[in-house]
Amino acid sequence: MIDPKTLAARFPGDFTFGVATAAFQIEGASKADGRKPSIWDAFCNMPGRVHNRDNGDIACDHYNRLEQDLDLIKDMGVEAYRFSIAWPRIIPDGTGPVNEAGLDFYDRLVDGCKARGIKTFATLYHWDLPLLLAGDGGWTARSTAYAYQRYAKTVMARLGDRLDSVATFNEPWCIVWLSHLYGIHAPGERNMQAALHAMHYINLAHGLGVEAIRAEAPKVPAGLVLNAMPVIPRSQSKADIAAGERAHQFHNGAFFDPVFKGEYPSEFVEALGGNMPAVEDGDLKIIGQTLDWWGLNYYTPLRVADDPAKNGDFPWTAEAPRASDVKTDIGWEVYAPGLKHVVEDLYRRYELPECYITENGACYNMDVVNGEVDDQPRLDYYSDHLAVVADLIKDGFPMRGYFAWSLMDNFEWAEGYKMRFGLVHVDYDTQVRTLKKSGKWYRELASQFPAGNHKAG
């Protein structure tokens, strides 16, 4: 563990420290004030999809405890709050009437942040697609990209005058591969053709969303949040290096190349082209608009090796052994150098704008004992990874901010309430919040910066 004052001295004075959440994971109130179901509400109600059939009906009850939670963020001394907006609250059917009560909630959220001197970093889509759109094919339908554009335009017309930053999507990789190929997340598809259609239409929706943001709120910096994989080959053999390149194209290039190069990766397209949807004239120009920033979500590395036995299954790789047995309670390898590896690799490959670490954190399931949560492994994880961010700044990379995942324990998707990532412990029976040891350390780190004093304006 690094002393927070010592670590803070390694960051520039204008570096942003924040905390992050997502709407479905914390808000609850799933049927309140005109909200209608999302694909995740349906997924939670299907046996065998989510641990314990947990759901987001109550979650952290953030919808009803907004003021308390905003006070909690202020008390943590951070400068910024990254949150997502629930499409099913704004346009409950995905298309059709706008729900003013939903917009009113986010008015209160944004105004509450401003009153406390907290910068607002909004994410327009964090996986909660309105359920009715699934009847039209969901993300496998081109029409969903245009429904998203209208949603983005509606949100920015209402909130854009007060937002400090906005992201179109959180983690397209999860929406595409985890949700439409591996079947682990909603809607639970296991089909390459469906995944590739979702990939292109989400990329297209991102570009249409950028257009909507700049039409309604041109002064708000627009970006995209990607959980890029630090692909690490098992060896330096030609076969393993080639496998690493294929893995990059599949896991990273499918999203980075169209956005930052205006094309899809060549080997990827050649291998899977028969399942690709039609890329219409003008699509890649829409997708490839220049961004003001990009966000990186990092938790663990991807170690790969060549696997000829998977020759019919691009990217023809197998998982390689971990570098160590150190892992979090969700089973992910702890490897802070992976953060440096992926940033260096991506800036080598692409012309990228400035970067925010929009998520970074660790799952450890310590409970409250005598009013305290001693989560030293999480504290060490933050300390080690923030030291890497400081190294990247020293090396000249344009790292502008860091958002801890997460502000509080919450609904962890397919893992339900079993896994805890929060700086703040949540008792889901009583909704009592308890600042963990890691949260106290992060509060001391953030408070070293002038922004930690929350001088509004």
Within the 4.5 Å heavy-atom criterion, are [X] and [Y] side-chain neighbours or not?
X	Y	answer
Asn297	Trp173	no
Tyr298	Ile357	no
Met229	Val342	no
Val334	Tyr381	yes
Thr123	Glu171	no
Tyr264	Met199	yes

Check each of Phe24, Trp139, Tyr151 against Tyr125 using the ring pair (Phe, Tyr, Trp, His ring centres under 6.0 Å) test, and report the only one that passes. Trp139
Ring pair (Phe, Tyr, Trp, His ring centres under 6.0 Å) with Phe17: which of Tyr356, Phe121, Phe11? Phe11
Compute both the distance and the angle, then confirm whether Arg303 meets the cation-pi test with Tyr335: under 6.0 Å from the six-membered ring centre, within 45 degrees of the axis. yes
Determine whether the side chains of [X] and [Y] contain a donor N or O and an acceptor N or O closer than 3.5 Å.
X	Y	answer
Asn52	Tyr417	no
Asn360	Tyr382	no
Asp380	Ser383	no
Tyr81	Thr21	yes
Tyr402	His385	no

Test side-chain hydrogen bond (donor to acceptor under 3.5 Å, both in side chains) on Asn203 and Asp283 and set out the steps. CA-CA 9 Å; Asn203 286 335; Asp283 282 3; over 6 Å; no
Assess whether side chain to side chain contact (heavy atoms under 4.5 Å, CB included) is satisfied between Arg214 and Asp292, documenting all intermediate values. CA-CA 11 Å; Arg214 290 184 172 149; Asp292 300 303; 3.1 Å; yes
NZ/NE/NH1/NH2 to OD/OE distance under 4.0 Å, Arg142 and Glu280: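 Salt bridge between Arg142 and Glu280, a charged N being under 4.0 Å from a carboxylate O: yes.
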Which heavy atom in [X] sits nearest to a heavy atom in [Y], and how many Å separate them?
X	Y	result
Ser266	Gln249	N-OE1, 4.1 Å
Pro92	Gly34	CG-O, 3.3 Å
Asp307	Thr317	CB-C, 3.8 Å

Using modelled atom types and a 3.5 Å cut-off, is there a donor and acceptor pairing between side-chain atoms of Arg82 and backbone atoms of Thr120?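 Absent.
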